[in-house]
2 protein chains.
Amino acid sequence: MSITSDILRGHTEAIILSSLLEQDSYGYQINKDIMKKTNNTYELKEATLYSAFRRLEQAGCIRTYWGDETVGARRRYYAITDEGRMAYQGYKQEWQEVKKIIDKLLK
Amino acid sequence: MSITSDILRGHTEAIILSSLLEQDSYGYQINKDIMKKTNNTYELKEATLYSAFRRLEQAGCIRTYWGDETVGARRRYYAITDEGRMAYQGYKQEWQEVKKIIDKLLK
DNA sequence: CATATATACCTCGCCTGTCAATGTATATAT
DNA sequence: ATATATACATTGACAGGCGAGGTATATATG
């Protein structure tokens with residue numbers, strides 16, 4: 001079963017931040033990681049991914065730099081900031097709340 | 001802490017169906033029930049509620065009838081259909097999946 | 001009697017996140 | 001040559017949530 005967008009909506013940024021918590025990474029790789037972690041049940045669409053990057057950068061949650069690849073396509077790397085770490089903690093806590101609430105409501 | 005719209009988005013219909021599973025009810029009451037169940041941490045906005053009713057009716061998940069109140073404001077009652085029960089089971093199962101996925105992704 | 005509050009319904013139009021479609025460029029496999 | 005994988009990015013449509021606004025009935029309060 002695949003998960004509808006509306007259900008995942010709003011988790012995108014938290015998911016990206018979580019990935020960046022482990023290590024700096026770039027768009028393509030982050031998405032691959034997500035797919036792997038979820039056994040291919042969930043993937044961020046590229047447009048969704050990149051618009052989330054813009055928002056996160058705008059909010060100061062991530063900063064970006066170009067990789068120094070000499071071969072292959074260039075990579076734009078993302079790194080989580082202190083602000084991003086804080087935002088992530090908020091997202092995570094919110095998720096715990098949401099779980100409780102929805103579990104209560106869907107009986 | 002209040003829950004952002006984006007997080008709850010997509011759960012609205014499931015929440016309403018769940019409420020109707022217990023008994024026929026009407027908009028105002030359904031919302032009150034939800035608030036009570038969540039200790040006032042979550043309420044559906046009216047516009048959200050009514051647009052969800054329209055979708056659910058359109059999809060054949062609920063049917064509606066007017067109450068026979070002789071005093072006070074009229075009430076439009078909603079009842080869940082067999083189709084609605086099936087849809088609810090789907091939503092519920094999806095929620096179990098989503099919980100697992102997000103838990104995996106937010107480490 | 002005037003006013004506020006609670007109950008109960010509803011619509012319009014904006015906002016925002018998702019995503020299909022499309023485009024660019026590099027490298028490798030067949 | 002052609003296809004596929006890697007890697008980036010933008011545009012415009014779509015859909016759900018919701019603020020703001022509206023209608024009507026009943027009761028409480030000063």
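All chains are named by letter (A, B, ...) in the order of the sequence lines, taking the proteins before the strands, and each is independently numbered beginning at 1.
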### Message
So, does A:Ser51 get its side chain near the phosphate of C:dG17, meaning an N or O under 4.0 Å from OP1 or OP2?
### Response
no
### Query
Should the ring pair A:Phe53 and A:Tyr78 be called parallel, tilted or perpendicular, given that the plane angle runs from 0 to 90° and is split at 30 and 60?
parallel
### Query
Once the angle between the rings of A:Tyr65 and A:Tyr77 is folded into 0 to 90°, is it parallel (under 30°), tilted (30 to 60°) or perpendicular (over 60°)?
parallel
### Query
Between D:dG16, C:dC10, C:dA8, which nucleotide gets closest to the side-chain atoms of B:Tyr28?
C:dA8
### Task
Quick one: list whatever passes side chain to side chain donor-acceptor pair (under 3.5 Å) with A:Asp6, sequence neighbours left out.
B:Arg9
### Message
Other residues, nucleotides and ligands only: do more than 12 of their heavy atoms fall within 6.0 Å of CE on A:Met86?
### Response
no
#### Entry: C:dA8 OP1/OP2 closer than 4.0 Å to side-chain N/O of B:Arg75
yes
### Message
Whether the side chain of A:Asn31 engages the backbone of A:Leu44 through a donor-acceptor N/O pair (distance < 3.5 Å, no angle test) should be reported.
### Response
yes
### Query
So, is B:Tyr50 close to the C:dT11 phosphate, meaning a side-chain N or O under 4.0 Å from OP1 or OP2?
no
### Task
Scan B:Tyr42 against the nucleic acid and name what it touches under 4.0 Å (heavy atoms): base, sugar-phosphate only, or nothing.
nothing
### Query
Using a cut-off of less than 4.0 Å, is there contact between a side-chain N or O of B:Arg76 and OP1 or OP2 of C:dT7?
no
### Side-chain N or O of B:Thr48 closer than 4.0 Å to phosphate OP1/OP2 of D:dC18
yes
### Query
Are OP1 or OP2 of D:dC18 and a side-chain N or O of B:Ser5 less than 4.0 angstrom apart?
yes
### Query
Distance check: side-chain N/O of A:Lys32 vs OP1/OP2 of D:dA5, anything under 4.0 Å?
no
### Message
Going by purine N1 to pyrimidine N3 plus the second Watson-Crick contact, or the G-U wobble pair, all under 3.5 Å, which nucleotide sits opposite D:dA26?
### Response
C:dT5
### Task
Determine the contact category for A:Gln29: base if any of its heavy atoms lies under 4.0 Å from a base atom, sugar-phosphate if only primed atoms, P, OP1 or OP2 are that close, otherwise nothing.
nothing
### Query
Is there a side-chain polar atom (N or O) of B:Tyr26 under 4.0 Å from OP1 or OP2 of C:dC9?
no
### Task
Supply the atom-to-atom distance B:Lys37 NZ to B:Asp33 CG, rounded to the nearest 0.5 angstrom.
6.0 Å
### Query
In residues 9-19 of chain A, which residues come under 4.0 Å of DNA chain C by heavy atom?
A:Arg9, A:Gly10, A:Thr12
